[in-house]
Trainee: 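Take a look at this one; I'll ask things after.
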Amino acid sequence: MPRRRTRVLALPEARWAAAALLLFLTGLPVYLLDGPAWTWGALFAATYATGGWEPGWAGLKALRGRKLDVDLLMVVAALGAAAIGQVLDGALLIVIFATSGALEAIATARTADSVRGLLDLAPATATRLHDDGTEDTVPTDRLTVGETILVRPGERVGADGRVLDGASEVDQATITGEPLPVAKQPGDEVFAGTLNGTGALRVKVERDPADSVIARIVAMVEQASETKAPTQLFIEKVEQRYSMAMVAATLAVFAVPLAFGADLTASLLRAMTFMIVASPCAVVLATMPPLLSAIANAGRHGVLVKSAVVMERLGQVDQVALDKTGTLTEGVPQVSDIRPLPSASLTEEELLALAAGAEHPSEHPLARAIVDAARARGLTIPNATDFTSTPGTGVTATIEGRRVAVGRPTRLWTGTGEHPATVVAEQLEEQGRTAVLVELDGTPAGVLGITDRLRPDAAPTVAALTALTGTSPVLVTGDNPRAAARLADETGISDVRAALLPADKVTAVQDLHEQGRRVLVVGDGVNDAPALAAAHTGIAMGRAGSDLALQTADAVIVRDELASIPTVINLSRRARRLVVQNLVIAAVFITGLVIWDLAGTLPLPLGVAGHEGSTVIVGLNGLRLLTEGTWRRAARPTR
């Protein structure tokens, strides 16, 4: 299995920083004890090389692109300090600066580790079939288009493709968002990472593993830290102008006293100290560490925030719009209606018991829902014999000498004309239910209605979002108004907008935007994707979310824990507050050190320690958001 957590020393920035620190600590006692100059000189020179070559090279490449990089200025300052005999001070500057870079690299790596391990849906291997009938097990990333794989019952599909032979029901909620398994037969499409049911399938690979739906999701979340927040982009623009002004000011600090007869060494030392303390390193690092740490913390708790931009924007949300099916409901079916037909002369309990007896040997989610409903009512489930299951159709069994069939109405009922069972099934389906027909000796005996179960944390999440944003969430759904109103009553939502087409959801979001709201949309299906794209920020439910919704959304709730939504909003607000704190810290340090250097005599070692120390403080302050306690505190809804 691949390692889930990147080792610190696997990062080049960390290795070079560690080497520089080790060399510096080795040379320091030799220098302080007046050891041979060639000994500590060689160790400090190695410190310069190990800790400074990478930022120096990056700075030279930026300079070639006509950009003045702060990294290059730090290396130049360190070399300048060494040129005037301040070798120890320059080495200290290199070590602290390399350590700051390593801290940022570690925060970024932890973010990547968190997001990579959360969507481990696709299997590592697949069974490949050859033309001569033989088979072998190969890594899924080695499958090619046109090959045939065998998917046994209970296995995950190894690649996107099309069924050549076999019949089964595939749970593809993680890909398409459908809450119930989908019947698959020759000609139907299947997706990598979906879970096969009771039948065996031969599947022809139609998409390269690198282009599968799962691969696209993984590639998407691995880019989580690549985009930068608007604050960071603004700082980088300011940094260029600031760096040019700082270089000009440094030259002035050196040349003006020299022109009035000041000592060359003293003037150069003051100028080097000025360049070091005036460099905006801490300002540059003020933004990203808090946001990256917040992304990593959210990732560990099942929330994939795709970028620092998104993490920053989540804290600005003041209105939430929630989808219904697959978002507020969990996609786990439960029996909601029991409709025996008058002609069958059965009570609700008798109809449910017969259906549960026939479905008891089955592992289908609908079967489990029916059996659970019978047990919840305390019914005795009769024993069944001659059980058979036909994927995509239903089950049949013999109970007390009578043949009982349970399954989809369109597949079981083969009679002519409109049967009363058909009318009941259509009524249930109009209410958003899944209709299940129960036949007794070939004659319809009743219909069961099955619906999604409301998520246990739906109502608390709505209350938390209301407390956090100051406004009750809006329910935007394509379901009929009666079903939407019923769910709204259960969750405490007052603003209900039902029977919406995808375009209508976009219109609803735009209306809220025109009212000055920053809208967060939470959804899971293809029909939610346009609204997710139109929103200020969009969040998709990971387990049931369609690939389009996952790609369009700005963040993904991988474990479908609704309570994570108000928590991550609160975490974003904490990150924004830390960014402000960091900017204040950086400004205070820079201003104080610059005034000291210009108005008095600031020793170079103290200037290095103050400036680079502020950089480390800012970085460590941002990393505070990595702690478990931060997530727990963010889970408390506050305005």
Side-chain angles (χ1 to χ4, degrees), residues 176-177 220 227 229-230 303-307 309-329 432 455 458 461-481 483-485 487-488 491-542 544-557 560 562 564-570 572-573 637 639:
T176 65
M220 172 185 67
T227 56
V303 184
L304 302 183
V305 180
K306 295 182 183 179
S307 71
V309 175
V310 177
M311 179 54 73
E312 188 178 56
R313 295 177 71 179
L314 279 168
Q316 303 169 355
V317 168
D318 56 13
Q319 177 70 68
V320 180
L322 298 167
D323 175 48
K324 173 182 173 288
T325 306
T327 301
L328 290 173
T329 61
R455 297 186 189 277
T461 297
V462 170
L465 289 172
T466 302
L468 196 60
T469 63
T471 307
S472 175
V474 178
L475 180 63
V476 288
T477 177
D479 283 357
N480 65 76
L487 181 135
T491 56
I493 295 177
S494 57
D495 189 348
V496 180
R497 309 185 186 193
L500 300 181
L501 297 174
D504 299 327
K505 290 188 177 183
V506 174
T507 301
V509 171
Q510 291 174 342
D511 289 343
L512 293 171
H513 280 316
E514 291 175 359
Q515 297 172 20
R517 298 288 186 177
R518 294 184 178 93
V519 184
L520 167 66
V521 172
V522 185
D524 71 302
V526 172
N527 62 329
D528 298 317
L532 290 169
H536 178 268
T537 312
I539 294 181
M541 307 300 288
S546 68
D547 61 321
L548 183 58
L550 292 173
Q551 290 180 24
T552 305
D554 300 303
V556 179
I557 307 296
D560 284 6
L562 279 176
S564 298
I565 298 173
T567 303
V568 77
I569 293 175
N570 219 352
S572 170
R573 294 182 179 181
R639 287 299 307 276

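All values reported here derive from a predicted model rather than from experimental measurement.
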Trainee: For residues Leu314 and Leu520, report the shortest heavy-atom separation together with the two atoms involved.
Mentor: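 For Leu314 and Leu520, the tightest heavy-atom pair comes out as CD2-CD1, 4.3 Å.
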
Trainee: Minimum heavy-atom separation for Gly542 to Asp560, with atom names?
Mentor: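 Heavy atoms only, the tightest pair is N-OD1, 3.1 Å.
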
Trainee: Is there side-chain contact between Leu328 and Leu562, with heavy atoms separated by less than 4.5 Å?
Mentor: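 Yes - at least one pair of side-chain heavy atoms lies under 4.5 Å apart.
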
Trainee: Between Arg455 and Thr461, do the side chains contain an N or O donor and an N or O acceptor separated by less than 3.5 Å?
Mentor: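 Absent: no donor and acceptor within the cut-off.
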
Trainee: Would you say that Gln316 contacts Thr537 through its side chain, given a criterion of any heavy-atom pair below 4.5 Å between the two side chains?
Mentor: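 They are not in side-chain contact.
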
Trainee: One thing to verify: whether Arg497 and Asp504 come together as a salt bridge, which I'm taking to mean a side-chain N less than 4.0 angstrom from a carboxylate O.
Mentor: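 A salt bridge is absent here (no side-chain N lies under 4.0 Å from a carboxylate O).
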
Trainee: Please check if the side chain of Asp554 supplies one atom and the backbone of Val305 the other of a donor-acceptor pair under 3.5 Å.
Mentor: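 Absent.
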
Trainee: Only one of Thr507, Val506, Val509 passes side-chain contact (heavy atoms from CB on, under 4.5 Å) with Pro530; say which it is.
Mentor: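 Result: among Thr507, Val506, Val509, Val506 is the only option passing the side-chain contact (heavy atoms from CB on, under 4.5 Å) with Pro530.
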
Trainee: State, to 0.1 Å, how close Ala498 and Ala484 come at their nearest heavy-atom pair, and which atoms those are.
Mentor: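 Taking Ala498 first and Ala484 second, the nearest heavy atoms are CB-CB, 3.7 Å.
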
Trainee: Shortest non-hydrogen contact from Ser472 to Thr466?
Mentor: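 Taking Ser472 first and Thr466 second, the nearest heavy atoms are CA-OG1, 3.5 Å.
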
Trainee: Of the non-hydrogen atoms in Gly523 and Leu532, which two are nearest, and what is the gap between them?
Mentor: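 Closest heavy-atom pair between Gly523 and Leu532: N-CD2, 4.1 Å.
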
Trainee: Does the side chain of Val317 come within less than 4.5 Å of Leu468's, by heavy atoms?
Mentor: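 A side-chain contact under 4.5 Å is absent here.
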
Trainee: With no hydrogens and no angle check, is any side-chain donor or acceptor of Ser572 less than 3.5 Å from a backbone partner on Met311?
Mentor: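 Flag set: sc Ser572 to bb Met311 pair under 3.5 Å.
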
Trainee: For a 4.5 angstrom cut-off between non-hydrogen side-chain atoms, does Ile569 reach Arg573?
Mentor: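 Counting from C-beta outward, Ile569 and Arg573 do come under 4.5 Å.
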
Trainee: So which heavy atom on Pro473 is nearest to which on Leu465, and how close?
Mentor: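 Scanning both residues, the minimum pair turns out to be CG-CB, 4.0 Å.
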
Trainee: Keeping Lys324 on the side-chain end and Ala488 on the backbone end, is there a donor-acceptor pair under 3.5 Å?
Mentor: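 It does not hold such a pair.
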
Trainee: Let me confirm one number: the CE-OG1 distance from Met541 to Thr329, rounded to the nearest 0.5 Å.
Mentor: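 It comes to 9.0 Å.
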
Trainee: For the pair His536 (side chain) and Gln319 (backbone), establish whether a donor and an acceptor sit closer than 3.5 Å, ignoring hydrogens and angles.
Mentor: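 No, the answer is negative, given that no donor and acceptor are paired below the 3.5 Å cut-off.
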
Trainee: Could you state the interatomic distance from CG (Leu512) to CZ (Arg517), rounded to the nearest 0.5 Å?
Mentor: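 Rounded to the nearest 0.5 Å, the CG-CZ separation comes out at 8.0 Å.
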
Trainee: Just how far is it from atom CG of Leu475 to atom CG of Leu500, taken to the nearest 0.5 Å?
Mentor: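 It is 8.5 Å, given to the nearest 0.5 Å.
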
Trainee: Do the non-hydrogen side-chain atoms of Leu322 and Val462 ever get within less than 4.5 Å of each other?
Mentor: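 Yes. Closest side-chain heavy atoms under 4.5 Å.
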
Trainee: In the structure I gave you, are the side-chain heavy atoms of Asp528 and Val521 within less than 4.5 Å of one another anywhere?
Mentor: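 Asp528 vs Val521: side chains apart.
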
Trainee: Between atom CD1 of Ile557 and atom OG1 of Thr567, what is the distance when rounded to the nearest 0.5 Å?
Mentor: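 Answer rounded to 0.5 Å: 9.0 Å.
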
